[in-house]
Amino acid sequence: MSELDIRNLSKSFGGVKAVNDVSFTVKRGEFLAMIGPNGAGKSTCFNMINGQLAPDAGEIHFERRNIAGMKPRDIWRLGVGRTFQIAATFGSMTVLENVQMALISHGRELYTMWSKAAALHRGRALAILGQVGMAEAADRPTRELAYGDVKRVELAIALANDPALLLMDEPTAGMAPRERNELIKLVKALVVERGISVLFTEHSMDVVFAFADRIIVLARGRVIADGNAAAIRENAKVREVYFGTGKTFAGAPA
């Protein structure tokens with residue numbers, strides 16, 4: 001069963017078709033990678049799914065509901081989590097407060113003035129931080145953390161709405177190889193444990209080929225390939241788009 005169903009999605013900026021009649025599905029519990037060279041349309045596609053951009057044409061069905069054109073906060077409340085290429089956290093807040101704020105927002109409690117925010121959802125926030133390995137850092141200011149740990153805090157924030165679908169835009173950007181693999185291994189474990197569907201973009205081919213259940217490839221706004229790691233690695237059109245005919249992916253297992 002599909003968690004996300006993209007149908008004939010298109011978006012233009014002036015005369016440039018950034019996304020051109022794109023269709024694909026994300027199955028329930030699937031770990032799906034979206035790759036492509038710079039300018040392929042990955043971020044535009046992500047931003048339409050998340051509600052930051054309205055499509056010119058097409059439909060975005062999440063759990064059989066067309067969410068195309070909805071606002072990001074409304075899509076989030078339906079159960080779609082999101083992480084960004086540049087980690088989106090509040091550096092002046094503690095690790096715990098970052099997750100508490102996400103839980104408060106999801107519960108629409110921002111205007112409950114008679115309750116102190118520091119007392120709200122503390123136990124649940126600590127539990128989520130425990131899942132991403134950050135409970136011991138709960139009371140530290142987020143700005144003091146190493147970047148890899150900041151990305152874990154952002155993941156905890158994204159899990160605060162108990163998502164059925166998690167969108168991750170370049171989740172390992174700026175991270176060292178060891179940190180990259182640890183983070184994606186953690187996400188993959190959470191996918192299995194919680195039954196979450198994940199759609200992620202990634203430039204690190206070692207991460208993509210090691211962890212993705214399935215890979216779709218965009219080029220010039222269109223889907224040019226869709227399959228498992230072996231099929232994508234051997235796809236002549238994909239190799240040509242990335243490197244020129246005949247070359248193989250660095251980091252991709254043979």
Side-chain angles (χ1 to χ4, degrees), residues 31 33-34 42-43 46-47 50 52 72-73 75-77 79-107 109-110 115-163 165-194 196 198-208 210-212 251:
F31 202 61
M34 177 189 291
K42 303 185 299 295
S43 292
F46 250 60
N47 288 335
N50 190 54
Q52 292 175 306
R73 66 173 177 268
I75 293 173
W76 182 68
R77 288 196 170 109
V80 180
R82 172 80 190 262
T83 69
F84 296 84
Q85 184 173 350
I86 300 174
T89 60
F90 295 101
S92 61
M93 292 183 178
T94 66
V95 168
L96 181 65
E97 288 168 346
N98 268 273
V99 182
Q100 283 178 291
M101 286 302 297
L103 290 167
I104 289 167
S105 177
H106 186 245
E109 297 167 308
L110 292 179
S115 297
K116 290 185 177 180
L120 293 173
H121 305 297
R122 182 179 176 88
R124 188 175 171 198
L126 285 170
I128 294 171
L129 287 170
Q131 290 184 313
V132 302
M134 291 299 295
E136 291 185 1
D139 295 321
R140 291 184 61 187
T142 307
R143 63 173 175 267
E144 295 180 357
L145 301 178
Y147 189 66
D149 287 338
V150 173
K151 297 290 279 189
R152 286 175 180 257
V153 175
E154 186 189 36
L155 175 59
I157 293 169
L159 294 173
N161 67 331
D162 196 20
L165 172 68
L166 183 58
L167 306 175
M168 304 185 76
D169 191 4
E170 298 286 347
T172 68
M175 300 177 72
R178 181 179 176 181
E179 288 180 317
R180 284 203 305 263
N181 284 287
E182 287 178 351
L183 180 66
I184 296 301
K185 191 179 294 184
L186 170 64
V187 176
K188 190 70 180 283
L190 289 171
V191 166
V192 173
E193 179 184 332
R194 289 180 168 220
I196 301 171
V198 176
L199 173 64
F200 72 104
T201 66
E202 185 58 65
H203 275 107
S204 299
M205 291 299 103
D206 57 334
V207 168
V208 170
F211 292 99

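All residue numbers in this chain count up from 1 along the given sequence.
No side-chain heavy atom of V95 sits under 4.5 Å from any side-chain heavy atom of D149. Considering only heavy atoms from C-beta on, R122 comes within 4.5 Å of L126 through its side chain. A 4.5 Å side-chain heavy-atom check between R77 and N161 finds every atom pair outside the cut-off. Side chains of E179 and T172 form no contact here, defined as non-hydrogen atoms less than 4.5 Å apart. With contacts defined as side-chain heavy-atom distances shorter than 4.5 Å, the pair V192/F31 does not qualify. Taking 4.5 Å as the limit, every side-chain heavy atom of K188 sits out of range of all side-chain heavy atoms of V198.
For A33 against V208, the heavy-atom pair with the smallest separation is CB-CG1, 3.9 Å. Taking every heavy atom of both residues into account, P163 and G81 meet most closely at CB-N, 3.6 Å. Contact between A156 and V99 at its shortest, heavy atoms only, is CB-CG2, 3.9 Å. The shortest heavy-atom contact between L129 and L96 is CD1-CA, 3.9 Å. Between A137 and L145 the shortest heavy-atom distance is CB-CD2, 4.4 Å. When all heavy atoms are compared, the tightest approach of F211 to K185 is CE2-CA, 3.9 Å.
Here the straight-line distance linking atom CG of L165 with atom CZ of R82 works out to 11.0 Å at 0.5 Å rounding. Interatomic distance, E97 CD to D139 CG, rounded to the nearest 0.5 Å: 8.5 Å. Here the straight-line distance linking atom CE of M168 with atom CE of M34 works out to 14.5 Å at 0.5 Å rounding. One finds the OG1 atom of T83 at 6.0 Å from the CG atom of L166 (value rounded to the nearest 0.5 Å). Note that CD of Q131 and CG of L186 are 9.0 Å apart. Values are rounded to the nearest 0.5 Å. Separating the NZ atom in K151 from the CE atom in M175 is a distance of 7.0 Å, to the nearest 0.5 Å.
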Under the criterion side-chain hydrogen bond (donor to acceptor under 3.5 Å, both in side chains), I'd like the reasoning laid out for N98 against T89: C-alpha separation, chi angles, the key distance, then a yes or no. CA-CA 7 Å; N98 268 273; T89 60; 4.9 Å; no
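Between D169 and K42, none of the side-chain N atoms (NZ, or NE/NH1/NH2) sits under 4.0 Å from a carboxylate O, so this pair counts as no salt bridge.
Judged as a salt bridge (charged side-chain N to carboxylate O under 4.0 Å, His left out), and not counting sequence neighbours, R73 has no contacts.
Between the side chain of N47 and the backbone N or O of S43 there is at least one donor-acceptor pair closer than 3.5 Å.
Residue-environment remark: CD (E136) stays at or below the threshold of 12 foreign heavy atoms within 6.0 Å.
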